[in-house]
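This report concerns only the one structure given below.
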Amino acid sequence: MSKATILVVEDDPSVRNLITTTLKMYDYNFLTAGNGQTAIMQTASHNPDVMFLDLGLPDMDGVDVIRKVRTWSELPIIVISARSEESDKIEALDAGADDYLTKPFSVEELLARLRVSLRRLPLLRAAAEASPVFTNGGLVINYPAETVTLDGRELHLTPIEYKLITLLARNEGKVLTYPYITKAIWGESAESEMASLRVFMATLRKKLENGKGSQNFIQTHIGIGYRMLKVDAGDAEHKEES
Ligand code: CA
């Protein structure tokens, strides 16, 4: 893969410099924007691979930058928010952001989130030619047959568990918020559905934990939601040997 280009949207020069210095050190290309309008223009004219987006910008709300960009682009957007902006972060994820970093964050965290987003790029590009079979490590979902297998063994899922796993799989690598999931599954996001979601998610994860590699397919983001992680196929094979 050619060098990825990262757009860094941040009005605070010290945070912006921390990010760009890190990107430079790891040989990524980058662009910067100090406000929302510039961010939108840079995205349109340079088509970056990933965007780091501060939510508190001088000219407009970061969430509005996401809404605008999402009208034509699916590029991964990693939101950067202060701890006091917890509700903004959830709003940003609902508006189509993929992931988030909370200030203060470490360079390692920044790079880890970036790698997750970069791994999603081939998936995003292939999304146009959607496959009827989803594969992630030992997990296989056959959409037309409505079957889920783990290491070749069929999992007996309830209809709700099946809906949950397919929703997470279609959004692999992306953090889905509790309201987003409950709305997709039950059509509404009342408190009672939040409680049901936790119960169904617990039983689903139990069924997923019985694989040979026992890979962690579903990551919990406490107070926010869940994400399906891309399991490295190499890891899975390695584990099968042991
Ligand atoms: Ca700011």
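Whatever order the structure lists them in is the order used to number ligands and atoms, beginning at 1.
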Practice problem: Only counting residues at least two apart or in another chain, list the ones meeting salt bridge (charged side-chain N to carboxylate O under 4.0 Å, His left out) with R16. | Solution: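 R16: no salt bridge (charged side-chain N to carboxylate O under 4.0 Å, His left out) contacts found.
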Quiz item: Does the cation-pi check pass for R205 over F200, that is, NZ or CZ under 6.0 Å from the six-membered ring centre and within 45° of its axis?
Solution: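 Cation-pi check for R205 and F200: fails.
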Exercise. State whether a side-chain donor-acceptor pair under 3.5 Å links D88 with S81.
Key: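 Distance-only check fails for D88 and S81.
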Quiz item: Quick one: CG on L176 to CD1 on I224, what's the gap to the nearest 0.5 Å?
Solution: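 The distance works out to 12.0 Å.
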Quiz item: What is the number of protein N, O or S atoms that sit under 3.0 Å away from the Ca ion (ligand 1)?
Solution: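 Count of protein N, O, S atoms less than 3.0 Å from the Ca ion (ligand 1): 3.
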Quiz prompt | Residue among R119, R70, R113 satisfying salt bridge (charged side-chain N to carboxylate O under 4.0 Å, His left out) with D98 | solution =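 For D98, the salt bridge (charged side-chain N to carboxylate O under 4.0 Å, His left out) check succeeds only for R70.
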Practice problem: Please assess E10 against L57 for the test side-chain contact (heavy atoms from CB on, under 4.5 Å), listing each intermediate value before the final yes or no. | Solution: CA-CA 7 Å; E10 170 65 77; L57 296 169; 5.9 Å; no
